[in-house]
Amino acid sequence: MKTERKIIHLSGVLLLLLLLLAGIAMIPSAAFAKAKAVKIEGSKSVAKGKKVTLKANQKVTWKSSNKKVATVSSKGVVKGVKPGKVTITAVSKAKKSLKKKWKMTVRKKAVKSVKISAPTKELILADKKTVTLKATITPSGAAKSVTWKSSNTKVAKVDKKGKVTAVGVGEAKITATAADGSKKKASVTITVKKMKPITKVGISMPTAASRRWQGDGQKLEEQLKENGFEAELYFADNDKAVQNEQLQNMIAGGCQALVVAPIDSAALESTLQIAKKKKIPVLSFDRLLWDTDAVSYYVTFSNYDIGKLQGNYIKDKLNLDKAAGPFNLEISAGDPGDGVAGVFYNGAMSVLQPYIDSGKLKVLSKQVDYSHAATPGWETDKAQERAAKIISNYYSSGARIDAWLCPNDSTALGVTNALVGSGYKGKWPIITGQDCDYENVRNILHGRQSMSVYKDTDDLVDLTVSAIKSMSKGEDPAVNTRETNGKIMVPTHYADLSIITAENVSKLVEDGRYTSDILK
């Protein structure tokens, strides 16, 4: 009997265990797992009559807050019914208390077209290389966003904002699709290439006769060599044909980057196109290469701001806003073949033209337009010859000259020489300039020139060397603006500006531009 009772007891225990195991097996596995928050991905808008698909991170039940505006299927397909606002809710099937609301807009008009603009369609592979594409939707406002996709993520990846990152050599088609259900799209092919590091750099400066250009060229050469590059330096004696030939020789000699301060951009175009075809980056140094798509980078000072500094100096010194006037102004401009000369002029005239128009400033020679005031080649002798004629024709009877706008120191020197040569005896006019050339600084100290815009060209050298180092790694050099050269928007870096007058000439000594002898 005892044995039978033990068997019955054991059988009952086993039966109880079996029942427990069966019950556990019937409990959904989700009950043992921590319920996940519901997340939704997809478009925030849909066009009337179009469909878009929303995706959730788990199985959900979809609901629309207003079926008259938009419906939603069991698979998350939202169809726009009429323009308006609607909320689509995804409710977790595992735990109905978990839900996610997704606000959407049904738009009246569907997207008709998508266009992609790309700053570049060619990337040079290094550690990382990127370009951000921009999608334009027509009609405007038909969709707030696009979805981006790469056809080959082993070559280039693209994020949600259109930023493309090169990851391997080859081609990838990047497609932007309107996120309103219209399925309108546009594509652009991005080519990713390897690039050999830059080892040899050619430097072309306008002339060695200018202390400034000679110094800039030599500093560039020295710093490039200090940073491990080969460097070839040439001076063109202000001869555009010589500069063109020198650039051709640098390309043929294996230079992998060119630094050019052009004498005449148009004269270099055919040679620049050779450099472009050979994938040789061309860096425009201080003077912009105009009307070409073969320039890669521009390092300079803001030429427009230089003109404004000169114009504002005259405005402030003559107290044009308060003084009765009128005041007599004469204008010299730069070389008509140099694209930046017109920029200096435009900057200065943005300040002075209103006073000319009002009669507060009078130009007795009537030579106000840039074409009439230009100085071929920036040559001091030509500026002096023109100034002498103006003084003789309009001021010989004793009329005073209150200010003479000069864009740089070579033209300012010509004007000063003309005034001295004519025996001008009136109150010495305000004379502007730029570059802080030695003889002009001496004139500033002796009251024969009022100011010169100081451009610490060592900054340009530093920025240029830094840009070449970046390019050699396949990286974009630092920029703080883009400037048009009449054909393309050139990546540009502006360096800082300041004004030198008799009161702060010592700054040039402190910066190492000149020795203290200049102050004597």
Side-chain angles (χ1 to χ4, degrees), residues 203 205-224 226-227 231 233 235 259-262 283-288 297-310 312-313 334 338 340-341 343-344 347-348 378 406-413 432-445 449-470 477-481 483 491-519:
I203 306 164
M205 293 287 116
T207 177
S210 164
R211 179 189 178 105
R212 179 268 166 99
W213 292 119
Q214 184 182 58
D216 287 353
Q218 290 172 346
K219 288 173 185 175
L220 268 170
E221 182 182 32
E222 291 167 5
Q223 283 203 29
L224 285 167
E226 287 173 3
N227 281 275
L233 171 62
F235 296 97
V259 180
V260 185
L283 292 82
S284 202
F285 187 87
D286 200 19
R287 294 179 176 178
L288 182 56
Y297 187 68
Y298 181 32
V299 58
T300 189
F301 301 91
S302 173
N303 298 313
Y304 191 81
D305 286 348
I306 289 170
K308 285 185 69 175
L309 283 173
Q310 294 166 340
N312 278 315
Y313 188 89
D338 186 343
V340 300
V343 183
F344 295 141
W378 299 94
C406 296
N408 78 329
D409 282 352
S410 62
T411 54
L413 185 59
T432 62
Q434 72 166 301
D435 292 333
C436 295
D437 288 345
Y438 185 89
E439 195 166 351
N440 296 81
V441 174
R442 295 290 296 166
N443 278 340
I444 289 173
L445 286 169
Q449 183 171 324
S450 307
M451 59 84 83
S452 185
V453 177
Y454 178 39
K455 305 178 299 183
D456 189 349
T457 55
D458 284 357
D459 291 345
L460 298 186
V461 172
D462 292 342
L463 290 170
T464 301
V465 173
S466 177
I468 291 172
K469 289 168 67 177
S470 295
V479 301
N480 53 20
T481 189
E483 190 163 314
T492 301
H493 201 301
Y494 288 154
D496 294 334
L497 298 165
S498 58
I499 289 176
I500 294 297
T501 65
E503 287 72 32
N504 67 344
V505 166
S506 59
K507 177 177 173 58
L508 300 176
V509 178
E510 293 166 5
D511 287 358
R513 178 72 175 268
Y514 297 112
T515 66
S516 57
D517 289 346
I518 198 169
L519 303 176

Can you list the steps and then say if Y297 with V479 is a side chain to side chain contact (heavy atoms under 4.5 Å, CB included)? CA-CA 9 Å; Y297 187 68; V479 301; 3.7 Å; yes

Judged by atom type as modelled, is there a donor-acceptor pair below 3.5 Å linking the side chain of [X] to the main-chain atoms of [Y]?
X: Q449; Y: L413; value: no
X: Y454; Y: L508; value: no
X: Y304; Y: F344; value: no
X: D409; Y: Q434; value: yes
X: R287; Y: A261; value: no

Just checking, is any N or O donor in the side chain of N408 or W378 under 3.5 Å from an acceptor N or O on the other one?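 Short answer, no.
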
Strictly by modelled atom types, are Y494 and D305 linked by a side-chain donor-acceptor pair under 3.5 Å?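 Side chains of Y494 and D305: no pair found under 3.5 Å.
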
Can you tell me how far the CG atom of N227 sits from the CD1 atom of I468, to the nearest 0.5 Å?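 Output value for this atom pair is 9.5 Å.
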
Check the pair N440, S452 against side chain to side chain donor-acceptor pair (under 3.5 Å), reporting the backbone distance first and the verdict last. CA-CA 8 Å; N440 296 81; S452 185; over 6 Å; no

Evaluate the side-chain proximity of V505 to V441: yes if any heavy-atom separation is below 4.5 Å, no if none is.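 Yes - at least one pair of side-chain heavy atoms lies under 4.5 Å apart.
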
Could you tell me if the side chain of V465 sits less than 4.5 Å from the side chain of E226, heavy atoms only?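 Counting from C-beta outward, E226 and V465 never come under 4.5 Å.
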
Minimum heavy-atom separation for [X] to [Y], with atom names?
X: T501; Y: I499; result: CG2-CG2, 3.8 Å
X: S284; Y: P262; result: OG-CD, 4.4 Å
X: A231; Y: I203; result: CB-CD1, 4.4 Å
X: L445; Y: I518; result: CD1-O, 3.2 Å
X: I444; Y: M451; result: CD1-C, 3.9 Å
X: A495; Y: L463; result: CB-CD1, 4.2 Å

Can you sort out the partners of D435 under salt bridge (charged side-chain N to carboxylate O under 4.0 Å, His left out), two or more places apart, ordered by chain and number?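 R212, K455.
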
Before giving the answer on side chain to side chain contact (heavy atoms under 4.5 Å, CB included), spell out for L497 and I306 the whole-Å C-alpha distance, their side-chain angles and the decisive distance to 0.1 Å. CA-CA 8 Å; L497 298 165; I306 289 170; 3.8 Å; yes

If you count heavy atoms of other groups shown closer than 6.0 angstrom to CD of E439, is the number above 12?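 Atom CD in E439 is not crowded, with 12 or fewer foreign heavy atoms closer than 6.0 Å.
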
Step by step, would you call L220 with L233 a side chain to side chain contact (heavy atoms under 4.5 Å, CB included)? CA-CA 9 Å; L220 268 170; L233 171 62; over 6 Å; no

Determine the sole option in D462, D458, D456, D459 for which the salt bridge (Lys or Arg N to Asp or Glu O under 4.0 Å) test with K219 is passed.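 That would be D458; it is the only one of D462, D458, D456, D459 passing the salt bridge (Lys or Arg N to Asp or Glu O under 4.0 Å) with K219.
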
Run the side chain to side chain contact (heavy atoms under 4.5 Å, CB included) test on L288 and T300 for me, step by step, so that the C-alpha distance in whole Å, both residues' side-chain angles and the decisive distance to 0.1 Å come before the verdict. CA-CA 8 Å; L288 182 56; T300 189; over 6 Å; no

